Structures are given as structure tokens and as C-alpha cells.
Amino acid sequence: MALVDFFKLNEPWTEIASEEDVVQHFLISNDLRNVLYRPDRLAPRDPYRLRAKTFENVSFSKTRLESLVFRRCHFIDCLFIGTEFVACEFHACRFEGCNPHKATFERCYVDPECFARMLNAREHANIGVHLFNQLEQNARDQEQHEFVASAAYLYRKWKRYLLNWRRRQGELGVMQWALRWLPDKLYDALVGYGWRISRFLAWSGVLFVAVSMLNYMLWPMLQMHLAAPKDGPTWLLAVYYTVVTLTTLGYGDITPGSRLGMALASGEAFLGLLWLSILASVIFRRVFR
């Protein structure tokens, strides 16, 4: 059952008044449901390991959770409002319908992807922006490079959701929203903000195949001049010309002689420059950051 009020537990619920009560509870049960944890700390002296536990309609709001290790745990409709996660680990955990408003992470091991589908993008964009910003900073501090890439991507994605929210609230006009949203969406779709290499490689393949086919089909109309005359267009020749043009090498051994050919070559060269700039962005983000 989803939270009726995203900032309050569903009723009825009971209180847990001490850290020891939590420890004793999990000695006899794998589930903790409909509970408000009242103390401001849950920090056992030694790392406390919880395996395959379910937390449902539980509040750890304004609590410091420290040195806890969660493995294959499931969190459903829980409140982490203002929660401090310190030196915690999350392994193969799932979060559904939880509220992490103003939660912070310090020295934690946590994959940002486990939070990717937890929030409603239409209603909780501001919470998502803060959450993934925190997760990115935590991953950078811990030098968890794969988690940095994931958190940075999700942070940018939720900032785009926040643009939608601001438009619905009337803070942005339609034109202001479109000029910011459309380039952002395109950048995400093509290369995942420079963090999704597989997406970039896939679109690079589509680009080269599409342009090569276009050059091959229009070859007679382009009136190509070759340094070494050929009987006619070949796939190899079309691919070679595409690579040379898109990469802006411009050897000059194949040149268009028609207006269509010159216009198409100019467009392909511009497209190549755009592709190379995106490639530089991907390399910078993945290698140097």
C-alpha cells in the first residue's frame, strides 16, 4: 500500500523506543512493519548485518543510521526524511515508494540504481535531484567510479524532471522550458549525458551506417571526382568517403562536383564535428573525472 501522505506513515503504527528493541525484533522476525523508530541514532558498536529483511511503512526520519550492512533487504513505503546514512552498505537492496527527503550519505557503499524507480518523477522531482546529488558526492568521495557515473546520470535526468515541475507550477514559460528541455532530452537520448557509453556507441553505429547508405544511393547525383577513376560507386568507396568526411580528415582524393554533393558534404562535416565534440565529452567524463 503506498503512502497516503508522502511525509507521514500510514496508520496504524507503533513506536520502537530503543536500538536494542530493533536488534531483538530481528532475532525472531524478518519483517519490520508499521513502526516509527523514535531514537535519533541506530548505530551498533560493531557493524550490524541485516540479510533478507523487509521494512514496510517504517520511519527512520531524523535518525543517524551508522555501520549497518543491508543485504537483499526490501524497503517499502519507508520514511528517511532528514536521515543520515553513515558508513552503511547496501547490497542488492530494493526501495519502493520511500521518501528520502533531505537524506544524506557519508562513507556509504550504495548503488544509485537501487533508487532509480523509487520516486514519482512528476511529484517528487526536487527530492530526486537532492538524492542523486548526495549519492554522486558520496561515490566521488569513496572513489566508486561506476557509482559516480550512475549517480551523475540520474542527477541530470531528475533535473530535467524538475524543469517539467517548474513549468507546471508556472515558474517557466513554454518557450523557456522548451529551450532547456529539448536539448537536454536529446543529449540524454543520444549519449546519456556523456555517461552512457553503450548508448553513444549504438548511435555512432547508426550514424555511420545511415550516412554511408545515403552517400552510396546518391553517388551519381553527387558527381564525385576521384583521384583514381573507378567504374562506379561501391560500398567500400561510400564508407571510406563517409569516414573521411565525418572525421573531417578531408584527404581530397574524393570530392563532390554538384551543388547537392557540396551541400551534403558540408552537412556531413558539420555532423562530424558535433559527433567529435560529443566523443570528447564522453572521454572526459569517463576517463578524467
Side-chain angles (χ1 to χ4, degrees), residues 121 136 145-146 148-164 167 172-289:
E136 180 183 357
H145 302 297
E146 286 304 312
V148 169
S150 178
Y153 169 75
L154 289 167
Y155 171 64
R156 287 290 302 270
K157 189 173 182 178
W158 279 83
K159 284 188 71 175
R160 189 175 76 242
Y161 295 152
L162 187 60
L163 282 177
N164 293 339
R167 179 178 63 84
L172 292 175
V174 174
M175 185 59 66
Q176 288 177 302
W177 167 81
L179 290 175
R180 296 173 63 178
W181 186 89
L182 289 174
D184 191 86
K185 177 64 176 178
L186 185 62
Y187 191 27
D188 179 18
L190 293 178
V191 294
Y193 301 115
W195 293 108
R196 294 291 191 258
I197 291 182
S198 58
R199 192 174 299 181
F200 172 73
L201 293 176
W203 280 110
S204 295
V206 170
L207 171 65
F208 276 94
V209 170
V211 175
S212 295
M213 291 180 62
L214 182 65
N215 288 332
Y216 178 78
M217 291 185 294
L218 297 179
W219 197 269
M221 300 174 61
L222 304 181
Q223 299 179 17
M224 291 297 191
H225 300 295
L226 281 66
K230 303 289 183 181
D231 294 335
T234 65
W235 275 110
L236 180 60
L237 208 57
V239 170
Y240 169 75
Y241 174 72
T242 299
V243 172
V244 169
T245 305
L246 287 178
T247 56
T248 67
L249 290 175
Y251 288 133
D253 51 347
I254 304 178
T255 56
S258 68
R259 291 181 178 179
L260 174 62
M262 289 185 283
L264 189 61
S266 299
E268 291 178 10
F270 178 78
L271 194 60
L273 286 172
L274 180 61
W275 176 80
L276 289 172
S277 66
I278 294 174
L279 175 61
S281 171
V282 171
I283 293 174
F284 177 78
R285 289 182 182 276
R286 298 293 298 196
V287 176
F288 297 104
R289 295 182 64 181

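Predicted model, so just to flag it, every value in this text is computed and none were measured. Worth knowing before you read on, the calculation uses all heavy atoms, side chains too, and leaves out hydrogens, waters and symmetry mates.
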Side-chain touch Arg167/Leu163, heavy atoms, less than 4.5 angstrom: no
Listed partners of Phe208 passing ring-ring contact (aromatic ring centres under 6.0 Å, His included), at least two apart: Trp275
Minimum-distance pair of heavy atoms, taken over all atoms of Pro256 and Gly261: CB-C, 3.5 Å
Trp203 CH2: over 12 foreign heavy atoms closer than 6.0 Å: no
Trp219 ring center near Tyr216 ring center (under 6.0 Å): no
Whether Tyr161 and Trp158 hold their rings parallel, tilted or perpendicular, with breakpoints at 30° and 60°: perpendicular
Spacing of OH belonging to Tyr153 relative to CD belonging to Glu136, to within rounding of 0.5 Å: 14.0 Å
Considering all heavy atoms, the nearest Tyr241-Glu268 contact: CE2-OE1, 4.1 Å
Donor-acceptor pair, side chain of Thr245 and main chain of Ala265, under 3.5 angstrom: no
Side chains of Leu264 and Asn215 in contact at under 4.5 Å (non-hydrogen atoms): yes
Backbone N/O of Tyr193 and side chain of Arg199: donor-acceptor pair under 3.5 Å: no
Lys185 side, atom NZ; Leu190 side, atom CG - distance, nearest 0.5 Å: 10.5 Å
Any Arg156 side-chain heavy atom under 4.5 Å of Asp184 side chain: yes
